Amino acid sequence: MTPQIRQHLDRLDATLNTLFEWLLQEDPSYLDQKLSPERWSVYEVMQHLMLSEGNSLKYLRKKSLGLAELQVAGFRARFRVWLLELIMRSPIKFKAPKGAGVEVFVPVESFAALSGQWQKQREELRQFLSELPQEIFDKEVYRHPRSGMLSIEGMLRFFQVHFDRHQKQMKRILQEVKPL
């Protein structure tokens, strides 16, 4: 794993831990509430983020087997990451890709169970990335559902901007469902 990848992972883990600390201070009953059936609860947003990262890890495991067939991530891959970050920071709404939306959400037992599962998944990602050969980090190995092929760094940058976007959404949800 490169120092830059480790740095991205450390930042992702720090923001996840900050989220957990913040949500632990909230009344757990608010985390499962939503204002209407078509809107998501905080738990559903958390599941979406976790599913997105988990599906990405599955894809990476599959793609890393064919290292020789992968292209080097050049200007186009960096441009796709920049554009993706720009779009994710905008107020434009997107429908969740298949496999990371309401159709696969499950009832949440508890905050502890969901957060523990997410932390375990992050540890698996870190472990997997630490075992990869150095040359894979320069390749287009990750396919984003809308942006196309990215490097592992591009994937982690997407994870961060995706997380930041949905963290704002969780704050809005809690403001809406909490009584005045």
Side-chain angles (χ1 to χ4, degrees), residues 1-25 42-67 70-89 94 96-97 99-101 104 108 111-171:
M1 179 184 322
T2 68
Q4 200 167 11
I5 297 298
R6 185 172 285 110
Q7 201 172 29
H8 284 292
L9 284 170
D10 290 346
R11 181 169 180 235
L12 278 166
D13 287 344
T15 54
L16 184 61
N17 289 332
T18 301
L19 174 73
F20 291 161
E21 289 168 11
W22 166 57
L23 291 177
L24 272 172
Q25 297 172 23
V42 169
Y43 278 157
E44 289 173 329
V45 175
M46 289 173 69
Q47 285 187 71
H48 165 71
L49 286 166
M50 199 173 87
L51 285 164
S52 174
E53 292 179 14
N55 290 341
S56 298
L57 177 56
K58 286 178 195 169
Y59 183 84
L60 264 186
R61 283 187 168 128
K62 184 178 118 185
K63 282 301 272 189
S64 66
L65 299 175
L67 184 59
L70 300 173
Q71 293 183 2
V72 173
F75 173 77
R76 292 176 72 194
R78 287 190 301 276
F79 179 74
R80 286 191 292 267
V81 172
W82 175 82
L83 189 58
L84 180 60
E85 287 177 326
L86 182 70
I87 291 169
M88 291 300 291
R89 288 187 180 108
F94 304 95
V104 291
V108 175
F111 176 77
L114 185 59
S115 60
Q117 186 181 0
W118 199 351
Q119 283 179 315
K120 183 177 183 246
Q121 183 177 287
R122 280 282 180 88
E123 290 166 11
E124 288 174 15
L125 174 64
R126 184 178 289 271
Q127 180 65 37
F128 176 74
L129 293 178
S130 72
E131 295 168 356
L132 289 175
Q134 214 54 36
E135 62 267 19
I136 201 167
F137 293 99
D138 294 330
K139 306 279 185 159
E140 291 182 347
V141 67
Y142 170 68
R143 181 182 302 278
H144 182 271
R146 292 191 174 79
S147 295
M149 295 304 290
L150 308 173
S151 65
I152 291 173
E153 180 184 1
M155 177 191 75
L156 295 176
R157 286 175 58 185
F158 162 68
F159 284 3
Q160 189 65 60
V161 73
H162 188 224
F163 182 94
D164 294 345
R165 177 184 178 96
H166 284 297
Q167 186 172 17
K168 289 176 189 173
Q169 180 185 11
M170 287 185 262
K171 287 179 182 179

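Any value given below was found using the heavy atoms of this structure, including those in side chains, with hydrogens, waters and symmetry copies removed. Being a predicted model, the structure only gives us computed values, none of them experimental.
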Sub-4.5 Å side-chain heavy-atom contact between M46 and V108: no
Pairwise distance CG(L156) to CG(L125) - rounded to 0.5 angstrom: 6.5 Å
Heavy-atom pair of closest approach, residues R122 and F163: NH2-CD1, 4.4 Å
Residues N17, Q119; criterion side chain to side chain contact (heavy atoms under 4.5 Å, CB included); working and verdict: CA-CA 9 Å; N17 289 332; Q119 283 179 315; 3.3 Å; yes
Heavy-atom donor-acceptor pair, T18 side chain to A14 backbone, under 3.5 Å: yes
Gap separating the CG atom of L57 from the CZ atom of R61, nearest 0.5 angstrom: 4.0 Å
Working for side chain to side chain contact (heavy atoms under 4.5 Å, CB included), residues L19 and M170: CA-CA 10 Å; L19 174 73; M170 287 185 262; 3.9 Å; yes
Polar contact flag, side-chain donor to acceptor under 3.5 angstrom, E153-H8: yes
Neighbour count >12 (heavy atoms, 6.0 Å) for atom CD, Q7: no
Check: H48 side chain, G101 main-chain N or O, donor-acceptor pair, under 3.5 Å: no
L60 and M155, any side-chain heavy atoms less than 4.5 Å apart: yes
Rounded distance (nearest 0.5 Å) linking atom CH2 of W118 with atom CZ of F20: 5.5 Å
Ionic contact status for D10 with R126, cut-off 4.0 Å: yes
Nearest non-hydrogen partners of S52 and A100, listed with the distance: N-CB, 4.3 Å
Pairwise distance CD(Q127) to CG(L132) - rounded to 0.5 angstrom: 10.5 Å
Under 3.5 Å side-chain donor-acceptor pair for Q160 and D164: yes
Qualifying side-chain hydrogen bond (donor to acceptor under 3.5 Å, both in side chains) pairs, either residue in residues 78-89, two or more places apart: R80-E140, E85-R157
Exercise: identify the closest heavy-atom pair between L150 and A77: CD2-O, 3.8 Å
Aromatic plane relationship, Y43 with F111 - under 30° parallel, 30 to 60° tilted, over 60° perpendicular: parallel
Point-to-point distance, once rounded to the nearest 0.5 Å, from CD1 of I87 to CZ of R146: 10.0 Å
Cationic tip of R143 above Y59 ring, under 6.0 Å, 45° of axis: no
Ring geometry between F75 and F79 (parallel below 30°, tilted from 30 to 60°, perpendicular above 60°): parallel
Heavy-atom closest pair, residues L51 and G99: CB-O, 3.9 Å
Non-hydrogen atoms of H166 and V45 that approach each other most closely: CB-CG1, 3.6 Å
Note, S147 side chain near F158 side chain (heavy atom, < 4.5 Å): no
Euclidean distance, F159 CZ relative to L16 CG, rounded to 0.5 Å: 12.0 Å
Check: M50 main-chain N/O paired with Q121 side-chain donor or acceptor under 3.5 Å: yes
Plane angle bin for H144 and Y142 - parallel if under 30°, tilted between 30 and 60°, otherwise perpendicular: perpendicular
